[in-house]
J.: 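Following this message is one structure expressed as structure tokens.
Basis for what follows: all heavy atoms, side chains included, without hydrogens, waters or symmetry-related copies. Worth saying up front: this structure is predicted, and the values here are computed from it rather than measured. Below, chain A is the first sequence line, B the second, and so on; all start at residue 1.
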Amino acid sequence: MWYQSQTRPLWGRVFCMSDEFSPSDEVAWQQKWADNHVFETDLDTQKPPFYCLEMYPYPSGKMHMGHVRNYSIGDAVARYKRMMGFDVLYPIGFDSFGMPAENAAIKEGIHPHDITQKNMESITEQIKRMGFSYDWRRMLMSHDPRYYKWNQWFFTKFLENGLAYQKYAPVNWCDSCETVLANEQVKNGRCWRCASNVKQKDMSQWFLDTPKYAQELLDGLETISFPANVKSLQQDWLGRSEGAEIEFAIEGSDEKITVFTTRPDTLFGVTFVTLAPEHPLSQTLVEGTQYEEGWKQLKNEVASMSDFDREKILKVKKGVPLGRNAIHPLTGELIPIWVGNFVIATYGTGAVMAVPGHDERDFAFAKQYNIPIKQVLVMQENASCEDELNNAKTELGWMVNSGLDGFDGLYGEEAKRAVISKLEENDKGEGLVQWKIRPWLVSRQRYWGTPIPVIHCTDCGAVPVPESDLPVELPRDVTFGHGNPLETSESFLAADCPKCGKDARRETDTMDTFMDSSWYYLRYTDALNDEKCFEKAVANHWMNVDFYCGGIEHAQMHLIYARFMTKALRDLGLHDIDEPFNELLCQGMVNKGAPWCNTCAITLSVDHAGSPCPQCNSELGERSAKMSKSHGNTVSPEDMIEKVGADTVRLFILFAANPTAGMDWSDSALESNNRVIQSLRNMPETILSWDGNESPMDEWMRARICQRSCEFQRAMDAYDLRRAVEISHYEITKDINWYIRRGGLNPIVGRELLEVWTHLISISTPHMAEDWGQLLGHTDLVSASQYQHPGDVSKQSQSVLDAEAYTRSFLESARKIKTIAERHLDNGARTAIVVISPQWKRELAKTALDFIIAGGNPKSFIPILSQMDICQGQRKGEIMGYWGKKMLPQLFKWDDESRAVILSELNELEVLQSRSEFIATDLGLESIVFVSGESTEDTTQRAASAMPLGPAVVYN
RNA sequence: GCAGGGGUGGCUGAGGCGGUCAAAGGCGCCGGGCUUAAGAUCCGGUCCUUAUGGGUUCGUGGGUUCGAAUCCCACCCCCUGCACCA
């Protein structure tokens, strides 16, 4: 009710609609769906399961267009699968822990819990207003103790099996967020959330051992349908490199330097060893020597830098010698030890064997500090060494100068293997796979997250909270704004040691909120279970997620953590699934025009529209940019729904672009989609009131319905939503126009069409579909009913479709020719003679097609052709010429359909003749005559230019 | 530097196991029907040329083939991610 009274006036103003317009009462249908529990799923073993999921949203204040797009896509898939007879699990919830709520609390003095609750309410209302078909009973929220209890339980299990551990280590620290960050959350040395510089800080923190699953995470990518770029992103992030760990003894010391290398085949070319300045050995080796000062300077320089600065500074390579020598593990040579600013302490072992002859970076370093360069690989077999290398030879090569027998002449992988086995033999190293992925740092020094369930006891150390005491709930008596709020709650801090019972102190770190989102999809499968995180059999039944839709921005955070977590929980015996998501669809951005300065190459806020560039004063153009608050180019879904209704917004969003492509918001396109909705709205009434009789076109319409139904399913099965919507909301209308134009007006056929069509429109415009269902006299809801596929296109129907398609294409070309012809006719074209291709051409085409379709090469058709009956007379030369010049190229211009038509029994002359009246009228002619080429009736002598499916037309 | 994805007609954007491709759909533009008119809607047109044919087009240059937007090679440019990663 409120909907109508509020929207009408707006409508009138914006779109000047007539009074006849009455929008579907979308809210009423939504209520009906809810009342009838249409979208509530309980495990039904009679139907195949389908799990459709969108990345659950963070409850910021309002729903934005990105959400609307995401859910419109998911909902279309869910509705489609439902109507096709699947048991569809389609849940929604909220990723409701996180910093924005806490920051708002600091700023506005409202408790994060209250902000979150309030936001969730309003966003829920907006989501519901779109009519998405969620099973709301399964709604979950990260900040619900009934949910995060399980985060804590998993964590204690991980502690038990060593997957979770605490470690004092250098970690990423964000000053402005006042918390540590995981490696995945540092982008170009900056915090992923606030973009301020991230520092290194030594702290005792909790980690999850993600590298343990690195290989499986890499291999698993092969088994799932993720977009190529997401796979590549994850591969980069996992960073597998195969090589060897090699030990260098130190002259006059018991210590050893372990290095990692991917190029053991260059081991004999090592002329120095480089340590990271932070490497513990570097200190040991220089302490109290003349080299200490130089090392200290370099270390301080590196340590004081953020990763961001370091990246810039590192363009200049710097190093200092430590005055000590390492011993080559195989040759025993003495090799100077250096410290270099480019060696990263946290990658590999923090030490590098330097091979200047075959590594560019080492080469530059050796040149700079006058260190010898040794060539141990040649780039051609049996080649000899160059006198002096002027650059590093980094490709694989043949070993030379090995200094030991049995290596010279070996190449590539074989060379690597040989060196590794020699090292293993001498116990000086081993083959090893190194990963870039670091353990997941899960502690956060923030309030609004899951408390880490650990109690610190002076005697017993860190003790996990027993299961019976879970969940450890967040206290409310905290003060925000000064460090970790949890440290201000005495009631929270004080705890008894679960082991010895003595006074102890509770852990105040909370978990990274990515922990919440890394298993929520499992919880949905059994969301109402109060006893367990989820029942194993139930999770196994639904998982994995068949269709997962969300933004690309989670490609290496959420999607790695979730895949890791799935495997970790599997190994706890909680389910049997290896990969959480099968098909991943990353929907594109929603963009809208914003002012753009071509000179400065910047996008500006819409405030600048119409005025010159504030920086260079030149005139501003416009460019499409991601909808964002800073650009001010956002469109409020709420306003749009109010103006045009949810159905129109959904239709527009699905039709404007493919799901994965970026889409431009356009008000005029929205309007035009709304016109489509308006024109479809009364379709059932219109069609049901048709008063025609049976006509020859009925058969065509029926065949067309089957064809469209097949096309639609094909599109949906490939998640080509745009094509599906194009069929349901555009093409079928055109079919009806053609049907009517050709004299069809049979209400019985019309009803048949409507029964099918209603379902096709229901995936994108479900409210209107319900209106239609009602107009058709159905008492059950369209959303709850199954689709009855009208059947595939039979051979008979195909010939009907062919004949009509042939007629259409004939008209098209005849019309084209007519305009040209009329330039040559004084009084315009009034009559026409149509010459159908002579029989022998059709025969030639058929024989040649059969030959080609069977895989024959066109070249070898000539001997076959000369054997044909038609080539036996005087016309042989003519026909051979025709073959090469006309028929061969044409053969490949026909599509599969046309080919099928040529090979079919379709009689071109009959088809056109039977429609001659219509054709004449349509072309605006007084009369039209059809003759067979080279027959006695053909007086035009134009048979030469007639082709199968391409008659010649002579206008007079 | 490495990896992944791209460059198509006025714009947008499909297609891309070689022939269906002068290249879908949309927008824009043009013409026609309907209307008092506008809008909506319907029909048609929209690279050049043209009695049904020809020419030039899918980033640039080569190659394979009877035939290339599609396959191969080289180059240029754009986007994304990683990066002195050993």
J.: Starting from P on B:rU20, measure out to CG on A:Leu888 and report it in whole angstrom.
T.: 12 Å
J.: Could you tell me whether A:Tyr955 contacts a base, only the sugar-phosphate backbone, or nothing, with contacts defined as non-hydrogen atoms closer than 4.0 Å?
T.: base
J.: Can you check the A:Leu949 CG to B:rU52 C1' distance for me, whole Å?
T.: 15 Å
J.: Please state the P separation for the pair B:rG16 and B:rU65 - nearest whole angstrom.
T.: 26 Å
J.: What's the gap between B:rC58 and B:rU8 when it is taken at their C1' atoms, as a whole Å value?
T.: 4 Å
J.: Would you kindly give the CZ-to-C1' distance between A:Phe655 and B:rC27, to the nearest whole Å?
T.: 10 Å
J.: What is the separation between atom CZ on A:Phe260 and atom C1' on B:rA86, rounded to the nearest whole Å?
T.: 8 Å
J.: Check every atom of B:rC82, B:rC85, B:rG44 against the side chain of A:Tyr347 and return the nucleotide holding the closest atom.
T.: B:rC85
J.: At under 4.0 Å between heavy atoms, what does A:Lys318 touch on the DNA or RNA strands: base, sugar-phosphate, or nothing?
T.: nothing
J.: Write down the distance separating the C1' atoms in B:rA23 and B:rA69, rounded off to the nearest Å.
T.: 8 Å
J.: Please state how far atom CG in A:Leu923 lies from atom C1' in B:rG44, giving the value in whole angstrom units.
T.: 12 Å
J.: One pair to check against salt bridge (charged side-chain N to carboxylate O under 4.0 Å, His left out): A:Glu242 and A:Arg240. What are the steps and the verdict?
T.: CA-CA 7 Å; A:Glu242 216 169 302; A:Arg240 184 180 201 273; 2.7 Å; yes
J.: CH2 of A:Trp435 versus C1' of B:rC82: gap in Å, rounded?
T.: 16 Å
J.: The side chain of A:Ser232 lies closest to which of these nucleotides: B:rA86, B:rA3, B:rU52?
T.: B:rA3
J.: Taking atom C1' in both B:rC30 and B:rC79, what distance in whole Å separates the two?
T.: 36 Å
J.: Check this for me: A:Glu360, atom CD, are more than 12 non-hydrogen atoms of other residues, nucleotides or ligands nearer than 6.0 Å?
T.: no
J.: A:Arg263 pairs by side-chain hydrogen bond (donor to acceptor under 3.5 Å, both in side chains) with which of A:Asp265, A:Thr261, A:Thr266?
T.: A:Asp265
J.: Considering every strand shown, what is the Watson-Crick or G-U wobble mate of B:rU57 when both distances are under 3.5 Å?
T.: none
J.: Taking the C1' atom of each, how far is B:rG33 from B:rC43, in whole Å?
T.: 7 Å
J.: Should B:rA40 form a Watson-Crick or G-U wobble pair with both distances under 3.5 Å, which nucleotide is its partner?
T.: none
J.: Whole-Å distance between B:rA83 P and A:Leu233 CG?
T.: 11 Å
J.: Could you identify the nucleotide paired to B:rA3, looking across every strand shown and requiring Watson-Crick or G-U wobble geometry with both distances under 3.5 Å?
T.: B:rU80
J.: If the plane angle is over 60° it's perpendicular, under 30° parallel, otherwise tilted; pick one for A:Phe342 and A:Phe365.
T.: perpendicular
J.: Between A:Glu222 and A:Lys231, is the salt bridge (charged side-chain N to carboxylate O under 4.0 Å, His left out) condition met? List the steps.
T.: CA-CA 9 Å; A:Glu222 300 305 315; A:Lys231 282 191 184 182; 5.2 Å; no
J.: B:rG59 and B:rC77: how far apart are their C1' atoms, nearest whole angstrom?
T.: 8 Å
J.: Classify the nucleic acid contact of A:Arg723 as base, sugar-phosphate or nothing, counting any heavy atom under 4.0 Å across all strands shown.
T.: nothing
J.: Using the C1' atom on both, measure B:rG15 against B:rG26 and round to a whole Å.
T.: 16 Å
J.: If I take atom CD1 from residue A:Ile653 and atom CZ from residue A:Arg650, how far apart are they, to the nearest 0.5 angstrom?
T.: 10.0 Å
J.: For the side chain of A:Ile344, counting heavy atoms from C-beta on, which of B:rA86, B:rA51, B:rU52 is nearest?
T.: B:rA86
J.: In this structure, how many angstroms lie between the C1' atom of B:rU41 and the CG atom of A:Asn674, rounded?
T.: 15 Å
J.: Looking only at side-chain atoms of A:Val352, point me to the closest of B:rG25, B:rA86, B:rA51.
T.: B:rA86
J.: Applying a 3.5 Å limit to both distances, which nucleotide forms a Watson-Crick or G-U wobble pair with B:rC21?
T.: none
J.: For A:Glu726 and for A:Gln235, find the nucleotide of RNA chain B with the closest heavy atom, then tell me which residue's nucleotide is more 5'.
T.: A:Gln235
J.: Could you tell me how far B:rU70 sits from B:rG6 if I compare only their C1' atoms? Round to whole Å.
T.: 15 Å
J.: Check every strand shown and say whether A:Ser813 touches a base, only sugar-phosphate, or nothing at a heavy-atom separation below 4.0 Å.
T.: nothing
J.: Given A:Glu711 and A:Arg714, is the salt bridge (charged side-chain N to carboxylate O under 4.0 Å, His left out) satisfied, shown in steps?
T.: CA-CA 5 Å; A:Glu711 284 176 349; A:Arg714 217 177 303 133; 5.6 Å; no
J.: Looking only at side-chain atoms of A:Ala228, point me to the closest of B:rG81, B:rA51, B:rG5.
T.: B:rG5
J.: Look through every strand shown and name the nucleotide pairing with B:rA51 as Watson-Crick or G-U wobble, where both distances are under 3.5 Å.
T.: none
J.: Closest-nucleotide mapping onto RNA chain B: is A:Arg361 or A:Val954 further toward the 5' terminus? I mean the 5' end.
T.: A:Val954
J.: Taking the side chain of A:Thr262 as its heavy atoms from C-beta onward, which of B:rA86, B:rG25, B:rC82 lies nearest to it?
T.: B:rA86
J.: So which nucleotide does B:rC27 pair with, by the Watson-Crick or G-U wobble rule with both distances under 3.5 Å?
T.: B:rG10
